[in-house]
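Chain identifiers are assigned alphabetically (A, B, ...) following the order of the sequence lines, protein sequences preceding nucleic acid strands; residue numbering begins at 1 within each chain.
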Amino acid sequence: MESLAPEALDRERHKKNEGLRDLPGNTSEVILRFAPNPNGPLSIGHSRGVAINSLYADKYQAKIVLRFDDTDTKVKPPMVDAYAWIEEEFEWMSGKAADVVIRASERMPIYLQHAEKMLIGGFGYVCKCTAEDFREFRVTKTECPCRDKSVQQNMDDWSKMNSGEIDEGGAVVRVKTGMDLPNPALRDWPALRIQHSPHPIVGDKYKVWPLLDFQSAIEDHLQGVSHIIRGKDLMDSTRKQTILYEHFGWDYPEPLYWGRVKIHEFGGFSTSGMSSSIDSGKFSGWDDPRLPTLRAMRRRGFDPRSLAELWEEVGLTQKDISISMKTLESFNSRIIDGDCERRVFVSNPKSLDINAENIPSTISMARHPDGEIEGFRVWEVGTTVSIQNSDFVEGKLRLKDFADIIISGSSATIESADRSDDRKIVHWIPEKLALEAILSVPDGEDISEVNGVLEDFELIEGELYQLERVGFARFEGIQDGIARLLWLHN
RNA sequence: GCUCCUGUGGUGUAGUACGGUCCAUCAUUCCGGGUUUUCAUCCCGGCGACCCGGGUUCAAAUCCCGGCAGGAGCACCA
């Protein structure tokens with residue numbers, strides 16, 4: 001074997017391909033783009049786009065264009081605050097700001113000019129058929145009567161569209177592709193439509209707005225985008241746009257696709273659905289910890305690197321997948337563990353009076369058990385401590401880092417400072433340091449609240465702590481004398 | 001209905017272009033154990049998969065044919 005085909009032995013078939021596979025086509029100057037609709041902030045699904053594009057940008061020293069596809073004023077109208085939010089969220093995820101930021105609504109004249117070129121070039125036409133009628137033409141592969149209008153007629157109708165003379169729904173501009181195409185989705189697809197409702201940024205300046213397939217196609221070409229990474233639900237967009245590019249004499253970028261992603265823990269969600277649930281008061285805002293938004297995840301304490309690692313691991317496959325937050329949490333806890341100081345949170349506390357001749361006045365506990373954070377938390381012990389009700393036993397227990405005790409009723413006697421046997425070790429808190437606290441735990445559609453006491457040692461608002469024997473939680477501050485903790489994961 | 005995409009353990013993923021070294025990789029979950037004065041981190045071990053049926057071949061996860069299943073597009077949304 002070795003003599004017959006020595007090269008066969010060199011193949012490392014089991015070797016795991018690290019990272020993302022290479023980009024196809026010419027990669028000498030890679031320009032990528034991420035194009036969300038600013039009708040709300042980014043969600044965990046969007047983070048895949050930011051992560052994958054950023055990963056490729058690093059690999060190829062590529063530029064990323066952040067483009068706001070905000071040309072719909074009716075169905076999914078833009079949200080004014082979302083533009084700035086998304087720029088921040090992009091930077092949070094990517095580690096740096098986008099190289100170019102574009103708002104489609106600000107570049108309307110360009111799209112309208114291209115629409116005119118299309119009309120003049122004869123590869124587009126103004127169609128005044130109703131949506132229903134055209135649907136019928138599409139299924140029967142029939143050319144609609146508007147299709148052979150002269151350029152002059154088309155230009156006349158075009159100016160009536162733009163002047164506002166034709167009402168919404170009265171006309172659209174279509175790209176001539178052929179009504180006999182086997183794929184019905186491609187047949188003379190609509191490129192621009194009339195919208196009389198004002199746009200939140202540019203007002204009522206324009207009556208005619210491009211649809212995604214047209215606007216996106218023009219802008220990708222203008223920005224010199226080399227590779228488009230998009231959901232595979234947009235495969236037909238690629239095909240539609242490729243025909244448009246042929247009309248214009250342009251080369252289409254290299255398309256790559258990913259499949260649908262579901263997160264076990266969050267059922268179906270949409271930006272518009274979340275928006276209405278927030279408006280109705282079901283959620284407190286876009287950063288409500290039950291929501292799969294990046295704002296909520298950042299608030300809870302997810303490190304953006306955990307998301308990047310997750311998406312890199314998932315890669316760029318066209319499979320429809322369903323992933324669990326558990327996987328993300330696993331990445332996250334590994335990343336944050338070294339940076340999180342420990343604190344004690346005792347839920348449903350039960351107090352014990354300590355009986356001993358010589359109780360040490362203070363003890364020191366490590367800020368981090370492995371010393372990744374140096375220093376100690378110094379506790380004044382006192383004579384009353386609290387342990388978790390669920391840890392309570394009549395008998396022997398060890399108070400972690402302190403002493404072996406034996407409990408009888410509500411009093412405890414110190415048996416030994418050193419560990420003397422293998423009795424259960426529990427976390428505890430001196431009454432002097434016990435700050436009343438509520439731990440909010442997001443649980444599906446609900447948030448459950450756990451009452452307890454939190455170790456009041458150098459608490460920093462907004463800081464993430466690991467609550468010993470409980471898990472990670474963010475300290476959100478003190479309200480009405482009660483500390484508020486937000487659960488992350490264990 | 002038409003057009004298209006995808007099927008590898010519970011969940012992801014590698015391997016599939018060029019069939020053998022694949023009784024199938026790695027991660028995560030789960031289970032068991034170790035370290036640890038946290039139920040964290042870390043370490044070790046274990047369970048567990050090539051959608052189905054034919055075909056070609058000495059040999060098929062990989063090639064061919066046919067099914068089946070899941071998803072998407074056919075919006076004057078993105």
Interatomic distance at P, B:rC58 relative to B:rC22, whole Å: 23 Å
Side-chain-base donor-acceptor pair under 3.5 Å for A:R334 and B:rU41: no
Polar pair under 3.5 Å, donor/acceptor by atom type, side chain A:E372, base B:rU41: no
Working to the nearest 0.5 angstrom, can you tell me the gap between [X] [atom1] and [Y] [atom2]?
X	Y	atom1	atom2	result
A:Q215	A:D220	CD	CG	8.0 Å
A:E168	A:I194	CD	CD1	8.0 Å
A:T130	A:K128	OG1	NZ	13.5 Å

Of A:V172 and A:N490, the one whose closest RNA chain B nucleotide lies more 5': A:N490
First of A:K424 and A:P36 reached from the 5' end of RNA chain B, by closest nucleotide: A:K424
A:K149 NZ: over 12 foreign heavy atoms closer than 6.0 Å: yes
With respect to the phosphate group of [N], does any side-chain polar atom (N or O) of [X] fall under 4.0 Å of OP1 or OP2?
X	N	result
A:S333	B:rU41	yes
A:R21	B:rA14	yes
A:T71	B:rA78	yes

Check: A:F345 ring centre within less than 6.0 Å of A:H427 ring centre: no
Heavy-atom check, side chain of A:D188 versus side chain of A:E143, under 4.5 Å: no
Would you list the protein and nucleotides 45-49 of chain B atom pairs, both N or O, that sit under 3.5 Å from each other?
none

Strand-adjacent residues in residues 413-423 of chain A, judged by heavy atoms under 4.0 Å from RNA chain B: none
